[in-house]
Amino acid sequence: DRLAFDKHNFVRKAAEVHRRVRRYAQEELLVPGAKLIDICEKLENATRTYLEADKSPLAGLKAGIGFPTGVSLNHVAAHYTSNPGDQT
């Protein structure tokens with residue numbers, strides 16, 4: 001039961017971080033003319049900030065970004081990741 005409880009809390013925390021970062025992106029980042037690299041970096045930094053703000057026993061090395069932020073631009077699939085120096 002304890003293992004299931006911990007797993008449930010991990011999922012709840014991930015969902016809460018995702019909700020906050022998604023709201024931040026919708027309200028402040030996703031604007032015409034924004035560079036993809038800037039959007040990606042700010043999204044990843046916001047994720048780190050929300051994860052680091054957690055002082056619970058479940059925080060720390062057990063939480064982080066699993067893979068780079070994937071974005072989509074026009075016909076390019078959502079698995080594109082902007083690289084440093086990218087001006088799109």
Side-chain angles (χ1 to χ4, degrees):
D1 285 337
R2 178 70 180 158
L3 183 60
F5 178 77
D6 286 347
K7 188 174 185 178
H8 180 73
N9 280 337
F10 281 128
V11 172
R12 288 181 64 156
K13 175 163 176 51
E16 178 60 19
V17 169
H18 176 78
R19 183 188 68 79
R20 289 179 178 185
V21 172
R22 185 181 68 239
R23 178 177 289 155
Y24 167 63
Q26 291 170 336
E27 293 176 358
E28 298 184 34
L29 297 181
L30 303 178
V31 296
K35 292 184 181 179
L36 294 180
I37 187 70
D38 294 337
I39 294 170
C40 291
E41 287 177 351
K42 289 176 182 177
L43 284 174
E44 290 174 0
N45 287 336
T47 301
R48 288 184 193 97
T49 298
Y50 287 124
L51 289 172
E52 290 170 4
D54 181 14
K55 302 301 181 196
S56 74
L58 300 176
L61 296 177
K62 296 180 182 180
I65 297 174
F67 45 87
T69 300
V71 293
S72 175
L73 178 64
N74 299 329
H75 67 285
V76 178
H79 296 284
Y80 173 77
T81 298
S82 190
N83 293 309
D86 189 346
Q87 296 299 310
T88 56

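These numbers come from a predicted model, not from an experiment. If you read the sequence from its start, that first residue is 1, and numbering goes on from there.
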Carefully, step by step, assess Arg48 and Asn45 under the rule side-chain contact (heavy atoms from CB on, under 4.5 Å).
CA-CA 5 Å; Arg48 288 184 193 97; Asn45 287 336; 3.0 Å; yes
So which atom in Thr47 and which in Val21 form the shortest heavy-atom distance, rounded to 0.1 Å?
OG1-CG2, 3.6 Å
Shortest non-hydrogen contact from Leu29 to Ala34?
O-CB, 3.8 Å
Kindly indicate whether the side chain of Val11, heavy atoms from C-beta on, has any atom under 4.5 Å from the side chain of His8.
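When only atoms from C-beta onward are counted, His8 and Val11 do not touch, as no gap falls below 4.5 Å.
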Please round to the nearest 0.5 Å and tell me the distance separating atom CZ of Arg20 and atom CG of Leu51.
10.5 Å
Interatomic distance, CG@Leu36 vs CG@Leu43, rounded to 0.5 Å, equals 10.5 Å
Arg19/Glu16 salt bridge by N-O under 4.0 Å criterion
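Looking at Glu16 and Arg19, the cut-off is met.
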Is it the case that over 12 heavy atoms from other parts of the model lie below 6.0 angstrom from the CZ atom of Arg12?
no
Please check if Ile37 and Tyr24 belong to a single hydrophobic cluster, counting links between Ile, Leu, Val, Met, Phe, Trp and Tyr side chain heavy atoms closer than 4.5 Å.
no
